[in-house]
Amino acid sequence: MATKKTIKPTDKVRVYKNIVGSVSFKLRNIVTNWEETVEYKDMVISDIEEMLGYADLNKMFNKNKFLIKDESIREYLRLN
């Protein structure tokens, strides 16, 4: 019997930038820049949950512009 992975909002997950160029977004009144040369970032799940609350960032996750490869995390965040 397989045990289900426990996911906490404080866990980190690797998020890949699946677009060309740099990206900037505002989270908790802090502007975050994701430079063109940076391929991925390790992000806290609670930050990703907050990002999903913004329509434009939500769309980037759902269209895999920001890609999370871990299927259990994708399921937890209810991503396509």
Side-chain angles (χ1 to χ4, degrees):
M1 183 175 177
T3 57
K4 189 162 183 162
K5 180 179 173 182
T6 303
I7 300 170
K8 299 177 294 228
T10 55
D11 291 345
K12 285 194 171 190
V13 65
R14 187 157 284 179
V15 179
Y16 294 88
K17 183 176 58 124
N18 208 14
I19 56 176
V20 176
S22 60
V23 177
S24 295
F25 54 89
K26 194 172 188 178
L27 184 61
R28 289 190 200 105
N29 291 325
I30 299 171
V31 176
T32 301
N33 293 314
W34 197 333
E35 298 300 323
E36 182 173 4
T37 57
V38 177
E39 170 182 346
Y40 64 84
K41 286 189 178 202
D42 293 327
M43 301 180 80
V44 178
I45 291 176
S46 61
D47 287 346
I48 297 169
E49 289 174 316
E50 186 174 331
M51 290 170 70
L52 291 171
Y54 297 97
D56 54 342
L57 293 173
N58 188 308
K59 190 182 299 184
M60 293 189 76
F61 276 100
N62 278 309
K63 292 191 176 201
N64 292 330
K65 303 292 185 187
F66 291 154
L67 177 62
I68 297 172
K69 293 181 180 179
D70 185 325
E71 287 300 320
S72 59
I73 301 292
R74 291 181 64 77
E75 184 178 310
Y76 176 83
L77 294 170
R78 297 182 184 103
L79 294 172
N80 298 334

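If you read the sequence from its start, that first residue is 1, and numbering goes on from there.
- Using a 4.5 Å heavy-atom threshold, the side chains of Ile48 and Ile68 count as touching.
- When side chains are defined from C-beta on, Phe61 counts as touching Val15, because their heavy atoms get closer than 4.5 Å.
- Between the CD atom of Glu75 and the CD1 atom of Ile73 there is a distance of 10.0 Å, given to the nearest 0.5 Å.
- Under a 3.5 Å cut-off, the side chain of Asp42 and the backbone N or O of Lys12 do not form any donor-acceptor pair.
- A distance of 4.5 Å separates CD of Glu50 from CG of Leu27, quoted to the nearest 0.5 Å.
- Side-chain contact between Tyr76 and Glu49 is present, with at least one heavy-atom pair separated by less than 4.5 Å.
- In this structure, Ile7 CD1 and Leu77 CG are separated by 7.5 Å, a value rounded to the nearest 0.5 Å.
- To the nearest 0.5 Å, atoms CD1 (Ile45) and CG (Leu52) are separated by 11.0 Å.
- A heavy-atom distance below 4.5 Å is found between the side chains of Leu67 and Arg74.
- For residues 30-41, the pairs satisfying side chain to side chain donor-acceptor pair (under 3.5 Å) are Ser24-Asn33, with sequence neighbours left out.
- Contact between Val38 and Lys17 at its shortest, heavy atoms only, is O-CE, 3.2 Å.
- Looking at residues two or more places apart in sequence or on another chain, you find a side-chain contact (heavy atoms from CB on, under 4.5 Å) between Lys59 and Lys63.
- The neighbour count for Arg28 CZ, taken as heavy atoms of other residues, nucleotides or ligands under 6.0 Å away, is above 12.
- Side-chain contact between Val23 and Lys65 is absent, with no heavy-atom pair separated by less than 4.5 Å.
- Nearest heavy-atom pair across Met51 and Phe66 is CE-CE1, 4.1 Å.
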